[in-house]
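Each remark here refers to the structure printed beneath this line.
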Number of protein chains: 2
Amino acid sequence: MSNNHFKKGELYSFITGKASIAIARRLQKKFNTSGVNLTIEQWSVLYQLWKHDGASQQELCNATFRDKPSITRLVDNLEKLNLVNRVSDEKDRRINKIYLTRAAIKLQEETMALAEETLNEALSGVPADQVEMCKEVLQKVYDNLNG
Amino acid sequence: MSNNHFKKGELYSFITGKASIAIARRLQKKFNTSGVNLTIEQWSVLYQLWKHDGASQQELCNATFRDKPSITRLVDNLEKLNLVNRVSDEKDRRINKIYLTRAAIKLQEETMALAEETLNEALSGVPADQVEMCKEVLQKVYDNLNG
DNA sequence: TTTACTTAGTTGCATAAACAACTGTATGTC
DNA sequence: GACATACAGTTGTTTATGCAACTAAGTAAA
């Protein structure tokens, strides 16, 4: 059985993920026009902290699929924006726990609404079962390459 | 009818496109271990030129979904690597036509093989009809946001 | 307790993206 | 020809990524 799913011309767009790039750009535009002063990358870190405030930088690496230097600098920038604070763990002083500020907590509702709005626009006209299957395929791709 | 396809926890990975990021990283690793001295972004420009040698920078913008400054700098770097040459169009001197060098032409076969290999690994165990549907959904998403 | 190893995070460097402001060239209208 | 306008490409700034090399702190074995 052939594993060769790709005609030549389609290969590039699958690798570059133009759909997810389009989604991210659309969400960024919504942030900008709504006066939300955040990059998508900064938002993706806040997103994890809204789920688990006080996560370590290493935990943020795992959750956002980034390496440690990336998280160091994203946290740097979020600190400059007064959205998070680094707090050194008392038991293990290597670890920084990252805590949301009041301002960051306030951003959750608005930005999550913009994110859901963006996804609904992106998936408009796509039947729910196809969305479901697409998510499964993409998860499988991820697992194939990281398992 | 509700358009609300997303449970909270799934939203983030759809926006970040972790599957396509994983594919790009895997391909980059294959380049590195095969001694191919190219970034994925540089490769994506060469990919277009292999299909249409002599394309203008603007055409490369459209084909790779990048803005003009991004292409300017990618072409800068490809020129430094002696993989392309800028040639000013005789009829319209605003336009740079980008031509592949011998070295770049030589890279096509090897890197395309690595790209196909990567995609086959990524899609291993995914039925062809699901891949097809997934491609359609992602194309629809792109069209929804850029139409 | 000294040594080796591991883990968490940081720093330096090269590459890339987004946006705005810019130069230079072509085109169309008066 | 002189003007405005549109288009192709470049440059500057900020932010982000990937990799390698590094520091600091904890752990475990001699």
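Only this structure's heavy atoms are used, side chains among them; waters, hydrogens and symmetry mates stay out. First the proteins, then the strands, lettered A, B, ... as listed; each starts at 1.
- D/dT15 atom C1' lies 13 Å from atom CG of A/Asn32, rounded to whole Å.
- Judged by distance alone, the side chains of A/Glu116 and A/Asn120 never bring a donor and an acceptor atom under 3.5 Å apart.
- A donor atom on one side chain and an acceptor atom on the other are found under 3.5 Å apart for B/Gln58 and B/Asn62.
- In this model, the phosphate group of C/dG9 is not approached by any side-chain N or O of A/Gln57 to a distance below 4.0 Å at OP1 or OP2.
- Comparing C/dG9, C/dA26, C/dT7 by their nearest atom to the side chain of A/Arg94 picks out C/dT7.
- Closest contact between the side chain of B/Pro69 and the listed nucleotides D/dA8, D/dG12, C/dA8 involves D/dG12.
- In this model, the phosphate group of D/dG18 is approached by a side-chain N or O of B/Arg25 to a distance below 4.0 Å at OP1 or OP2.
- Listed nucleotides C/dG9, C/dA18, D/dA8 differ in distance to B/Asp67; the shortest reach to its side chain belongs to C/dA18.
- A donor-acceptor contact under 3.5 angstrom links the side-chain atoms of B/Arg73 to the base of D/dG12.
- When rounded to the nearest whole Å, the span between CG of B/Leu27 and P of D/dG18 equals 14 Å.
- Side-chain N/O atoms of B/Lys140 and A/Gln130 include no donor and acceptor closer than 3.5 Å.
- One can place NZ of B/Lys97 at 14 Å from P of D/dA8, the figure rounded to the nearest angstrom.
- Side chain B/Arg93 to base C/dT25: no donor-acceptor pair is found below 3.5 Å.
- Contact check, B/Gln28 against D/dC19: no side-chain N or O comes under 4.0 Å of OP1 or OP2.
- Looking at A/Arg66 and A/Ser44, their side chains do bring a donor and an acceptor atom within 3.5 Å of each other.
- The CG atom of A/Asn62 sits 13 Å away from the P atom of C/dT7 (whole-angstrom rounding).
- Residue-level contact check: B/Asp76 touches neither bases nor backbone, having no heavy atom under 4.0 Å from any strand.
- B/Glu79 places its CD atom 13 Å from the C1' atom of D/dG9, with the value rounded to the nearest Å.
- Put simply, CD1 on B/Ile95 is 18 Å from P on D/dA6, counting in whole angstrom units.
- Note on B/Asn96: a side-chain N or O is less than 4.0 Å away from OP1 or OP2 of D/dT10.
- Nucleic acid contact for B/Asp92: sugar-phosphate only, since backbone atoms but no base atoms lie under 4.0 Å from a heavy atom of the residue.
- Within 4.0 Å of B/Leu74, counting heavy atoms only, lie sugar-phosphate atoms of the nucleic acid but no base atom.
- Residue B/Gln58 contributes atom CD, which lies 16 Å from atom C1' of C/dG24 at whole-angstrom precision.
- Taking every side-chain heavy atom of B/Lys68 into account, D/dG9 is the closest of D/dG9, D/dA16, C/dT7.
- With distances taken from any side-chain atom of A/Arg66 to the nucleotides C/dT11, D/dT17, C/dA17, the minimum falls on D/dT17.
- Between the P atom of C/dG9 and the CG atom of A/Leu60 lies a distance of 9 Å, rounded to the nearest Å.
- Within the 4.0 angstrom heavy-atom criterion, only backbone atoms of the sugar-phosphate kind lie near B/Thr39; the bases stay farther away.
- In terms of position on DNA chain D, the residue among B/Val75 and A/Gln42 whose nearest nucleotide sits closer to the 5' end is B/Val75.
- Side-chain atoms of A/Gln57 and A/Lys97 form no donor-acceptor pair, as typed in the model, at a separation below 3.5 Å.
- Of all nucleotides listed (C/dT10, C/dA20, D/dT17), D/dT17 comes nearest to the side chain of A/Glu41.
- Residues B/Ile71 and B/Val75 meet the side-chain proximity criterion, which asks for heavy atoms closer than 4.5 Å.
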